There are 2 protein chains.
Amino acid sequence: MLNNKVRAHSLVDSVTERLEAAILSGELAAGSKLSELQLAMSLGVSRGPLREAIRRLEGRKLLERTTNIGVRVVALSRKDVSEILQVQEVLQGLACGLAAKHMSDADIDALEQVLTRYKHKPGKGEDYDSWDLDFHTRIIVGSGNERLSKMLTEEVNFLLKVHRSVAVTTRETALRVVEEHKQIIAALRRRDPVAAEAVMREHISHARIESLSAEFADDVTEAKKKTPAKKSGRVRAAKSVR
Amino acid sequence: MLNNKVRAHSLVDSVTERLEAAILSGELAAGSKLSELQLAMSLGVSRGPLREAIRRLEGRKLLERTTNIGVRVVALSRKDVSEILQVQEVLQGLACGLAAKHMSDADIDALEQVLTRYKHKPGKGEDYDSWDLDFHTRIIVGSGNERLSKMLTEEVNFLLKVHRSVAVTTRETALRVVEEHKQIIAALRRRDPVAAEAVMREHISHARIESLSAEFADDVTEAKKKTPAKKSGRVRAAKSVR
DNA sequence: ACCGCGCAAAGTGTCAACAGTTTACACATT
DNA sequence: AATGTGTAAACTGTTGACACTTTGCGCGGT
């Protein structure tokens, strides 16, 4: 212990975390413009630290700033999502391949327990999401490649979560997922990196196709935004939030 | 034409670009601490915009800030480089696989010309670097996946360039690279995504091994930094620059 | 000579005010 | 009525000053 150094974190750090959470939770809707003054007041800080926090998230491509106009939360286009999913596929594949080499037997046991503990109640709404997340997170961490882990969790998967395309999970897909997870575990047990990578890629690929085919409802999603957004001709994204 | 909108770019934008270039060129050495006041003065801006630019690069993991202490340019450890190279391998592989589907015949012709135009003068120092960069850039762009392109050029490859492990290019390796590039082109011509990805990964993998085996000279590299850096006991990174 | 204490200098964190740009609305014109 | 113009409000961009933290140095005690 005592390795974790206690550092007084600045306002910028706090604000960054707060914004990040707000974006993830949808409190700051994708595409919505945010007002510096209002946000600063509601967060109880001055514009300085807020602007710096915004800049940081800008560097992480979560926010976009247009000079003299303002800041808005990124809104991923179908093309963006498609492209990111392709990247996700190979990165998850890499993680799984590495995991086949680096995960301990105990780790794999734990992974399998995650699977068996869920197997009996498939398709249960939010349970499913957290379970699937847990399964994949264990493999990502198990890759032993910290950089890869951060890229996947903090960049790629984070962006996809922001977009959260209300993945409707039917009972069939849930069962298929369980089956594929089994295959992944089998490959890991065999310590077969090539197979592990291939199976994982196949698995992600399925989710990819599903996710994209559900994307036809994009305009519906748009209409669900907080602000009514009277669209007059051009598409006009939701206005200020909070 | 007229598609390129003319946006007045702010000081923060200019400063960000300047810093980015300075980091890439080594003007701001990896690991060196930078003073806000001095930097702001030498750039001719006040601390505000500079700090915001720093925050942005912080979000891109090019700079690291420690509260109340200061900002320093990232210094990649051997582990970091190794991990990033693994990621690079699969991403370049993906790009090449996609390129096999998306590149036009004309694109491939152009790519082949890059190769043949260089083939006759292999191993010529800086020529080699720009040639190799050109070759790979064409494939990355040819993938048609803009997100992937940006990830590779602005994140992964950028970080590796910052580290620039003085890749000594022997004549043998240059010849091998030419040979492998030929195979890549062949796979692209065959429109064989699987082979294209595999060959590219193999190719990158070779570079990876070479790069890492050259890393034993890390302390030498350290000593070559601008500031003499009197190391007293603990390793002490180069101090203020400019 | 060594260690600890405290003060001063330098540097970062935060803020509030000012300057410049955009946006929206009202008014005048055709 | 529709269109263009000008002005005011709102907002972003930038700055300089102030507060707090860290760092380095010197002094006195042991």
Side-chain angles (χ1 to χ4, degrees), chain A residues 5-19 28 32-59 63-73 227-242, chain B residues 5-19 28 32-59 63-73 227 229-234 236-242:
Chain A
K5 41 207 155 197
V6 301
R7 280 241 139 268
H9 62 182
S10 60
L11 281 187
V12 180
D13 291 327
S14 312
V15 172
T16 305
E17 286 178 27
R18 184 79 186 73
L19 287 181
L28 291 176
S32 65
K33 182 188 167 192
L34 34 88
S35 155
E36 291 184 4
L37 204 58
Q38 290 180 346
L39 241 187
M41 289 199 308
S42 75
L43 288 176
V45 298
S46 71
R47 283 177 55 220
L50 172 62
R51 281 178 63 95
E52 291 185 20
I54 290 173
R55 293 295 191 186
R56 214 196 278 181
L57 295 178
E58 211 180 317
L63 296 178
E64 283 171 343
R65 165 164 248 137
T66 317
T67 311
N68 285 322
I69 304 291
V71 186
R72 59 179 53 233
V73 182
T227 320
K230 47 193 177 184
K231 45 183 73 171
S232 56
R234 254 191 313 169
V235 176
R236 192 182 199 97
K239 287 195 72 176
S240 286
V241 172
R242 183 100 329 173
Chain B
K5 41 208 154 197
V6 292
R7 280 240 139 271
H9 63 181
S10 60
L11 281 188
V12 179
D13 291 327
S14 313
V15 172
T16 305
E17 285 178 29
R18 184 77 186 75
L19 287 182
L28 291 177
S32 66
K33 182 186 167 193
L34 34 89
S35 153
E36 291 184 3
L37 204 57
Q38 290 180 347
L39 241 186
M41 290 198 309
S42 76
L43 288 175
V45 298
S46 69
R47 281 177 55 218
L50 171 62
R51 282 177 63 95
E52 291 185 19
I54 289 173
R55 293 294 190 187
R56 215 195 279 181
L57 296 178
E58 210 181 319
L63 296 178
E64 283 171 343
R65 165 163 247 138
T66 318
T67 310
N68 285 320
I69 304 291
V71 186
R72 58 181 52 233
V73 182
T227 320
K230 50 198 171 176
K231 46 182 74 173
S232 56
R234 257 191 311 169
R236 193 183 197 97
K239 287 196 70 177
S240 287
V241 173
R242 183 101 330 171

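Proteins come first, then strands; the chains are lettered A, B, ... in the order of their sequence lines, and each starts at number 1. Bear in mind the structure is a predicted one, so any value in this text is a computation, not a measurement.
Picking from C/dT14, C/dG11, D/dT14 the nucleotide with the shortest atom distance to the side chain of A/Glu52 gives C/dT14. Of the candidate nucleotides D/dT14, C/dT14, C/dT12, C/dT12 has the atom lying nearest to any side-chain atom of B/Ser35. Of all nucleotides listed (C/dA16, D/dT12, C/dT12), C/dA16 comes nearest to the side chain of A/Ser46. Nearest nucleotide to the side chain of B/Pro49, out of D/dT15, D/dT12, C/dT14: D/dT15. For B/Asn68, whose side chain is taken as the heavy atoms from C-beta onward, the closest listed nucleotide among D/dT21, C/dT21, C/dC15 is D/dT21. Nearest nucleotide to the B/Arg47 side chain, out of D/dA17, D/dG13, D/dT12: D/dA17.
One can place CZ of B/Arg65 at 14 Å from P of C/dG11, the figure rounded to the nearest angstrom. For A/Ile69 and C/dT21, the CD1 to C1' distance is 8 Å, given to the nearest whole Å. Atom pair A/Leu43:CG and C/dC15:P shows a separation of 12 Å (rounding to whole Å applied). Here C/dT12 presents its C1' atom at 13 Å from CD of B/Glu58, a figure rounded to the nearest Å.
Minimum interatomic distance between A/Gly70 and A/Lys33 (heavy atoms only, all atoms of both residues): CA-CE, 4.2 Å. In terms of heavy atoms, B/Leu11 sits closest to B/Pro49 at CB-CB, 4.1 Å. Looking at every heavy atom in both residues, A/Leu50 comes nearest to A/Ala40 through CD2-N, 3.5 Å.
Note on A/Arg51: every side-chain N or O is 4.0 Å or more away from OP1 and OP2 of D/dT12.
Remark: A/Arg55 does not engage A/Glu52 in a salt bridge, criterion side-chain N to carboxylate O under 4.0 Å.
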